[in-house]
Every structure is written in structure tokens, then in C-alpha cells.
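Below is one structure. I have some questions about it.
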Number of protein chains: 2
Amino acid sequence: MNSRNVTNLRDVKSSSKLAVSDTDRLVDELRRRIVNNQMPPGSRIRESELAEEFSVSRSRVRDAFGILEERGLIERIPNKGAVVMRLEADSFLELFDVREVLEGLMVRLATQNTEPEYWDDLIELFGNDLEKAVAENDFNAYMSAIAEFRQSCINAAGSGTLRGLLDDIYDRVLSMTRRLMLVPGRASEGFRQHQEILQAMRSGDAELAEDLKRKNIRSARQWFLKYNDFLL
Amino acid sequence: MNSRNVTNLRDVKSSSKLAVSDTDRLVDELRRRIVNNQMPPGSRIRESELAEEFSVSRSRVRDAFGILEERGLIERIPNKGAVVMRLEADSFLELFDVREVLEGLMVRLATQNTEPEYWDDLIELFGNDLEKAVAENDFNAYMSAIAEFRQSCINAAGSGTLRGLLDDIYDRVLSMTRRLMLVPGRASEGFRQHQEILQAMRSGDAELAEDLKRKNIRSARQWFLKYNDFLL
DNA sequence: GAAAAATATATTGTTGACAATATTATCGGC
DNA sequence: GCCGATAATATTGTCAACAATATATTTTTC
């Protein structure tokens with residue numbers, strides 16, 4: 001967190017244009033590459049390479065590495081260098097556990113803090129068109145819809161603390177989320193679950209929404225467990 | 001999270017003796033000073049001062065600042081320096097919200113992963129002696145008991161991811177926890193709640209334990225709300 | 001020819017010097 | 001005496017050279 005309060009780096013950057021340092025840019029770009037699997041887990045990253053590519057001094061790269069390390073995206077081994085963190089099955093299960101409670105909290109707060117109409121746009125987004133797209137395996141459309149849902153919820157929840165925690169976790173599970181979507185049946189189930197959650201939110205039932213969101217993550221966890229041989 | 005997997009810095013350091021860098025030591029000491037209010041919120045911290053005091057180069061201090069910043073303990077303002085983060089009432093309420101779900105998860109997992117006997121020591125610790133101590137306002141005894149409870153739960157839960165999140169939050173709320181203890185009635189209520197939670201854990205009822213822990217945090221939140229004029 | 005030792009190379013870790021910026025002190029005008 | 005401009009100081013930000021460490025290569029020895 002930089003010129004920031006309790007919320008984390010990205011928020012402030014997106015809300016206040018100025019003061020994006022070299023380090024911040026580096027962090028952002030490396031984060032992008034990691035979550036897009038352009039730098040797959042286990043990849044070695046050399047400081048000097050990046051310094052040259054981005055035309056910055058090695059110190060900046062070093063600072064960026066420090067932040068990425070603290071976020072759990074890379075691992076630094078003294079005198080050996082940095083490698084993209086490799087997540088094991090255990091870690092994913094742990095992440096599912098914390099996601100269950102945190103995303104549950106997210107939708108509860110979001111529901112409590114908004115008028116029912118706030119959700120109409122999302123309900124429309126999760127309508128027949130998207131259902132068809134999901135049925136036809138258009139995962140990009142589904143992914144961006146999920147992302148929008150997530151973003152709207154975080155904004156509505158209005159907790160910088162929660163946003164910070166969720167953002168950190170999100171980076172670590174994104175690639176897995178995408179792979180999980182490929183498992184036959186998972187996407188359409190997830191779609192339906194999101195519809196149900198949105199209905200609960202629209203009707204203002206925060207407790208129900210929380211419960212449904214938790215069930216949603218728990219079911220994703222089940223699919224992961226069942227297919228983790230293929231997913232990891 | 002450093003030469004470390006998903007867990008965070010402190011864990012690894014405490015489990016593997018070697019490789020405690022200057023930076024790590026600095027982070028630890030500064031963290032201690034901040035949570036003990038030796039450096040109260042709003043305090044300005046100068047890099048060169050610390051560099052001299054610890055006989056390290058300013059770069060190390062800088063690295064440490066980066067980590068503390070990412071953890072939300074200090075705020076860095078470009079070209080102006082670092083100040084200890086000042087938490088507002090809103091932030092505390094946000095922290096209570098996330099604590100509620102995360103500590104709930106903590107006791108649920110802890111209960112699931114242990115044999116009933118695991119909790120006997122803690123149950124004894126939270127016995128008549130401690131009750132008397134609390135009644136006589138011996139807050140140090142109570143604080144360390146709470147800390148032990150917490151640590152046992154985290155260990156039993158066995159999730160590095162969760163531990164990392166809780167540790168981060170802990171640092172930010174410790175000073176508030178201590179102040180809240182001074183409010184007449186809060187300490188003894190908290191004590192009783194912990195006894196109940198321990199009973200639930202001892203009997204293996206994970207769901208109940210989670211529910212009780214959540215109620216525990218929620219009641220702390222209520223007290224905070226009621227007395228925040230005095231607490232902040 | 002294989003294993004061990006010694007050398008060479010590459011990469012990370014650390015530092016102190018310098019540049020950029022903000023804060024404080026000084027001075028002159030009214 | 002007070003306000004604004006300007007200089008002096010202090011503090012953070014950046015960098016490039018050097019040291020320490022690990023890895024790869026070559027040489028030596030049996």
C-alpha cells in the first residue's frame with residue numbers, strides 16, 4: 001500500500017491517476033504475466049533481464065519482487081533468484097476455504113449496503129444470452145461476466161480491508177478458475193449458482209446470499225477435488 | 001511470504017532458524033514497536049535514524065518499510081517519508097467483519113483437525129485461576145491466554161494461507177484489543193465466550209465452535225461501537 | 001575415463017554517493 | 001511586525017559499482 005490507507009495498492013492506483021511509479025508498473029505487468037500463465041509456475045525470473053526489458057535499474061525490479069513476494073506470487077531463494085510460485089493441491093484447498101468465508105462476507109455486505117435495483121444490470125448480464133454462451137463453451141464471455149460480478153460486489157461491500165484480501169487471493173487462483181471452467185458441467189453449474197445469488201441479493205436477503213455464495217465456492221472445491229489430477 | 005510458500009514471513013522464520021536477514025530483523029522490531037504503541041499512529045519515521053540505530057544501510061530500512069507498507073502497518077508518502085498508519089473507526093469495523101469470518105473458519109478447521117484431548121491444556125488455562133485474574137483486572141494474564149488460544153487454533157487449523165491472513169490482521173488490531181479490554185465488563189464476557197468456544201471444540205462440534213467464535217467477535221464489535229469515543 | 005579440485009562465469013546482495021524533492025530558515029519590502 | 005520570495009538544510013528517491021554467493025566449466029589426479 002503506497003500513498004494508500006488500509007486498502008491495497010491497486011485500488012488507490014485506479015482511483016487516483018497520478019503517482020504511478022516504475023515499481024508499480026513493474027508489479028502490475030509481472031502480475032499480469034503470472035496470472036495469464038505467460039510465466040508459468042516454476043519459471044525462473046532474472047533481475048537483470050527485466051531491468052533491461054523495462055529500461056529501469058535493477059533496484060526497481062528488486063522492489064517489485066519484494067512486493068510480489070509478499071503477495072505470494074513469487075518465491076525468492078537467497079542468492080539464487082526468484083521463481084513463480086508453484087501452488088500445490090493443498091494450497092488450493094486452503095484458498096477455497098478462505099474464499100468461502102471471505103466471498104460470503106462480500107455478498108452479505110454488498111447486499112446490506114445496496115438498494116435492490118443496484119443488481120438489475122448484473123441480473124440482465126446473467127440472462128439468456130450468457131446462458132447460451134456458456135452452453136456453447138464461450139468461456140471468455142463467462143469469465144468477464146464473473147469478473148464484473150465480483151467487482152460490483154466488492155465495490156458495493158465498501159470495505160477496503162476486504163477488497164485488499166480478496167485481490168490478493170484472486171491473483172493466486174485465477175489460472176485455476178480458468179482451468180476449472182473447462183471441466184464439463186462446472187461452468188453451467190457456476191452460472192446457475194450466480195443467478196441464484198443475484199436473486200437473493202436483489203430480494204435483499206443478505207444471509208441467503210451469503211449462504212449461497214459459500215455453497216458456490218464449496219461446490220467449486222468439490223469439482224477441484226474430483227478432477228485435480230487433470231487440473232494441476 | 002518470502003523464502004516461503006504461501007505462508008507468510010514470520011512462520012518460516014520461526015520454524016527455520018537460519019537465514020534471518022537484516023531486513024527481517026528490522027521488520028520484526030518495527031512491527032513490535034508499532035503494535036506496542038511505542039510508535040503511536042501518526043509518528044513519522046526517518047530512514048536514516050533507523051539505519052544508524054540498527055547499524056545497517058538505508059537500503060535495508062527501505063526494504064523493511066516496503067514490507068510494513070504492504071502489511072498496512074505504515075504509510076509511505078512519496079518524498080515525505082513513512083508514518084505509522086492511523087486507523088479510523090471505519091477501518092476497525094471493517095477489520096471486525098473480516099475477523100468474524102476468518103476466526104470463525106479458524107476454529108472450525110481447528111476443531112475438525114484435532115482430537116478432543118488437544119484442547120485440554122487450553123481448557124485448564126481458561127479455568128478458575130484465570131477467571132479470578134480477569135475479575136481482578138489482571139489483563140496481562142488474560143492477554144497472554146488469549147494469545148495462546150489463538151496460536152493453538154492457528155496451528156491446529158493447519159492452513160498457511162489462513163495463518164498469513166490472520167497474522168496480518170492481528171498486527172493491526174492488537175492495540176485496539178488491549179484498549180477494549182479496559183471497558184468494564186468486556187474482559188469477563190470475552191473470557192466466558194472463550195470458555196464456551198473451548199467446550200464446543202472439546203466436544204468436536206466444529207459448526208458450533210465456528211458460530212460461537214463469530215458471536216464472540218460480533219460482541220466485541222458491539223462494545224467497540226458503543227465505546228469508540230473513548231477507545232479511539 | 002571418472003571423481004574431485006580449481007577456475008571461470010553468471011546472478012543476486014549490499015553499499016555509498018548523488019539527484020530530486022520537500023521542509024525550514026533567512027532576508028527584504030511594505 | 002508580517003507576508004512573500006529566496007536560499008539553506010534535511011530527507012527521500014535512484015543508480016551504478018562492488019562484494020558475496022551459486023552455478024558451470026575446465027583441469028588435475030588417480
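Lettering of chains follows the sequences in order, A, B, ..., and the numbering in each one begins at 1.
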Residues passing the salt bridge (charged side-chain N to carboxylate O under 4.0 Å, His left out) test with B:R99, sequence neighbours excluded, are B:E103

For B:K215, the salt bridge (charged side-chain N to carboxylate O under 4.0 Å, His left out) test, sequence neighbours excluded, returns B:D211

May I ask you to decide if the ring planes of B:Y227 and B:W223 are parallel, tilted or perpendicular, using 30° and 60° as cut-offs? parallel

Would you indicate whether the side-chain heavy atoms of B:H194 and B:K213 approach each other to under 4.5 Å? yes

Between CG of B:D63 and P of C:dT15 the distance, given in whole Å, is 10 Å

Just the rounded figure in Å: distance from C1' of C:dG16 to CD of B:E52. 15 Å

Once you round it to whole Å, what is the distance between C1' of D:dC15 and CZ of A:F54? 19 Å

Listing time: all N or O pairs from protein to nucleotides 5-12 of chain D that are below 3.5 Å?
from	atom 1	to	atom 2	distance (Å)
D:dT12	OP1	B:E47	N	3.4
D:dT12	OP2	B:E47	N	3.3
D:dT12	O3'	B:N79	N	3.4

If I compare all heavy atoms of B:A156 with all of B:T114, which pair ends up nearest, and what's the gap? CB-CG2, 3.5 Å

